[in-house]
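Here the structure comes first, spelled out in structure tokens, and everything after it is commentary.
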Amino acid sequence: MDNWKELEAKAIEWAKEMGRIQLSYFRGERLSIETKSNVFDVVTAADKACEQYFQEQLAIHYPNHDMLGEETGIHQKGSDYCWVVDPLDGTTNFSQGLPIFCISIGLQYKQETVMGIVYVPYFKELYTSIKGMGSYRNGTKLSVSNKTTLSQSVIATGFPYDHGTNPDNNTDNVTHILPKIRGLRRMGSAAYDLCCVAAGNLDGYWELNLNLWDVCAGILLIEEAGGEVISFRDNRKISIIAGNPEIVKLLKKNIR
């Protein structure tokens, strides 16, 4: 456990520096926006600079550890440790000058997530979790919402990058569930949505076609805050429902 705390301290240090890098680009003229898989899937100079910084720090401090990064893919060294990093989750928000974006860092040991860090630099919110030790926001212990009905719940979701070409794009679920819930939010950052569920600010969340770097840290944060995360399909990458167990059960009945 002492080893996890040492690793957590390093991850926090790196996340905060990546946040500083992001804010140096935010609402500025140096974004250099490019597209990846399609016109909706964007990457900026800040994404690349942050992942490069993380790689450099990992090479200095833990050179034998594996890494999976959104921008550079898998870097395998044969280690039991693998860092799963989204250097800038919420890139579309970031590129538009909207302040909901974050750094997500998960650490897996023998393919089990043992640590999660999410830092939201514009709001100065730091979410941390070590397996078996709870979840925290800026040092305050978190707990998921205790709502038990959809009609009282505020739920978040998102849409896949291929929403313009693939009709399996989550709009059917939104149409079906919207009349049953208090409110629907589309924040534009899966990692931040999961943090908000862990903190009880959102009562539930579902999304399809995610990647491991989007959710690795956030899933642990929710589970350590007393919540549940389940897969609801296996043919659209990572597709999950999250919340307290009762809300997850109700969402599962309504998500197609």
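Here the structure is a predicted model, which means the values were calculated and not measured.
In this structure, the side chains of D47 and V43 come closer than 4.5 Å at one or more pairs of heavy atoms. At a threshold of 4.5 Å between non-hydrogen side-chain atoms, the residues F123 and I100 count as touching. Side-chain contact between N169 and D162 is absent, with no heavy atoms from C-beta onward closer than 4.5 Å. The side-chain heavy atoms of W4 and K131, taken from C-beta on, include no pair separated by under 4.5 Å. Counting only heavy atoms from C-beta outward, the side chains of Y127 and L194 never approach each other to under 4.5 Å. A 4.5 Å side-chain heavy-atom check between H65 and L7 finds at least one atom pair inside the cut-off. Looking at heavy atoms from C-beta onward, W206 lies out of side-chain contact with I240 at the 4.5 angstrom threshold. Within the 4.5 Å cutoff, the side chain of R236 has heavy atoms near those of the P160 side chain.
Residues passing the side chain to side chain contact (heavy atoms under 4.5 Å, CB included) test with E13, sequence neighbours excluded: K10. Applying the side chain to side chain contact (heavy atoms under 4.5 Å, CB included) criterion to K252, with sequence neighbours excluded, gives I230, I241. S32 pairs by the side chain to side chain contact (heavy atoms under 4.5 Å, CB included) definition with A45, not counting sequence neighbours.
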### Query
Do L251 and I177 pass the side chain to side chain contact (heavy atoms under 4.5 Å, CB included) test, and can you show the C-alpha distance, the side-chain angles, and the key distance before you say yes or no?
CA-CA 8 Å; L251 286 175; I177 205 167; 3.3 Å; yes

### Task
Quick one: do T157 and N173 satisfy side-chain hydrogen bond (donor to acceptor under 3.5 Å, both in side chains)? Show the steps, please.
CA-CA 10 Å; T157 192; N173 288 319; over 6 Å; no

### Message
Working note: F26 + F101, criterion ring-ring contact (aromatic ring centres under 6.0 Å, His included); need CA distance, chi angles, decisive distance, verdict.
### Response
CA-CA 10 Å; F26 188 53; F101 54 88; 4.9 Å; yes

### Task
Apply salt bridge (charged side-chain N to carboxylate O under 4.0 Å, His left out) to D168 and R256, showing your working.
CA-CA 10 Å; D168 183 11; R256 302 171 183 175; over 6 Å; no

### Trace of the salt bridge (charged side-chain N to carboxylate O under 4.0 Å, His left out) decision for E34 with K48
CA-CA 11 Å; E34 301 173 7; K48 296 177 181 179; 3.0 Å; yes

### Message
Please determine whether side chain to side chain contact (heavy atoms under 4.5 Å, CB included) holds for the pair W83 and D66, giving the CA-CA distance in whole Å, both sets of side-chain angles, and the decisive distance to 0.1 Å.
### Response
CA-CA 6 Å; W83 297 82; D66 292 353; over 6 Å; no

### Task
Under the side chain to side chain contact (heavy atoms under 4.5 Å, CB included) rule, what do E8 and T128 come out as? Steps first, then yes or no, please.
CA-CA 8 Å; E8 180 188 52; T128 61; 3.5 Å; yes

### Message
Before you tell me yes or no, could you show the steps for Y205 and E207 under side-chain hydrogen bond (donor to acceptor under 3.5 Å, both in side chains), namely the whole-Å CA-CA distance, both residues' side-chain angles and the distance that decides it to 0.1 Å?
### Response
CA-CA 7 Å; Y205 165 80; E207 193 165 348; 2.5 Å; yes

### Message
Is there a side chain to side chain contact (heavy atoms under 4.5 Å, CB included) between D193 and L202? Walk through the geometry before answering.
### Response
CA-CA 8 Å; D193 286 333; L202 289 170; 4.1 Å; yes

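I238 and M187 fall into different hydrophobic clusters, where Ile, Leu, Val, Met, Phe, Trp and Tyr residues are linked whenever their side-chain heavy atoms come under 4.5 Å apart, directly or through other members. L68 and V215 fall within a single hydrophobic cluster, where Ile, Leu, Val, Met, Phe, Trp and Tyr are joined by side-chain heavy atoms under 4.5 Å apart, directly or via other members. The hydrophobic clustering, which links ILVMFWY residues whose side-chain heavy atoms are closer than 4.5 Å, places L221 and W14 together. Note on V197 and Y119: separate hydrophobic clusters, where clusters join Ile, Leu, Val, Met, Phe, Trp and Tyr whose side-chain heavy atoms are under 4.5 Å apart, directly or indirectly. Clustering ILVMFWY residues whenever any of their side-chain heavy atoms sit less than 4.5 angstrom apart, transitively, puts Y192 in a cluster other than the one holding L212.
How far SG of C196 is from CD of E125: 7.0 Å, rounded to the nearest 0.5 Å. Note: N3 CG to M115 CE = 10.0 Å, rounded to the nearest 0.5 Å. Within the model, atoms OG1 of T171 and NE2 of H176 stand 13.5 Å from one another, a figure rounded to the nearest 0.5 Å. Rounding to the nearest 0.5 Å gives a distance of 14.5 Å between NZ of K237 and OG of S231. Between atom CG of residue L208 and atom CG of residue N166 there is a gap of 9.0 Å, rounded to the nearest 0.5 Å. Separating the CG atom in L184 from the CZ atom in R182 is a distance of 14.0 Å, to the nearest 0.5 Å.
Under a 3.5 Å cut-off, the side chain of D89 and the backbone N or O of A191 do form a donor-acceptor pair. Counting only distance, with no hydrogens or angles, the side chain of Q22 and the backbone of P87 share a donor-acceptor pair below 3.5 Å. N138 contributes a side-chain N or O that, together with a main-chain N or O of L126, makes up a donor-acceptor pair within less than 3.5 Å. Not a single donor-acceptor pair under 3.5 Å links the side chain of Q152 to the backbone N or O of K147. With E224 contributing its side chain and G132 its backbone, the two residues share a donor-acceptor pair below 3.5 Å. Using a distance-only test at 3.5 Å, with no hydrogens or angles considered, a donor-acceptor pair links the side chain of N244 to the main chain of S145. Within the 3.5 Å criterion, the main-chain N or O of D214 finds no donor-acceptor partner in the side chain of N211. Side-chain atoms of T91 come within 3.5 Å of backbone atoms of L88 as a donor-acceptor pair (strictly under, hydrogens ignored).
Nearest heavy-atom pair, I103 versus A15, reported as atom, atom and distance to 0.1 Å: CD1-O, 3.6 Å. When all heavy atoms of K5 and I130 are compared, the pair lying nearest together is CD-CD1, 3.4 Å. Residue G243 comes nearest to V248 through the heavy atom pair N-CG2, 3.4 Å, listed as atom of the first residue, atom of the second, then distance. Here the closest non-hydrogen pair linking A242 and I222 is CB-CD1, 3.7 Å. For V85 against W213, the heavy-atom pair with the smallest separation is O-CB, 3.6 Å. Nearest heavy-atom pair, L220 versus S135, reported as atom, atom and distance to 0.1 Å: O-OG, 4.0 Å.
In this model, no donor atom of one side chain and acceptor atom of the other lie less than 3.5 Å apart for D86 and S104. Side-chain contact annotation: Q108 with E112, donor-acceptor N/O pair under 3.5 Å absent. Judged by distance alone, the side chains of R185 and N201 never bring a donor and an acceptor atom under 3.5 Å apart. Using a 3.5 Å distance cut-off with no hydrogens or angles, the side chains of S189 and N93 do not pair a donor with an acceptor. In this model, a donor atom of one side chain and an acceptor atom of the other lie less than 3.5 Å apart for T72 and E51.
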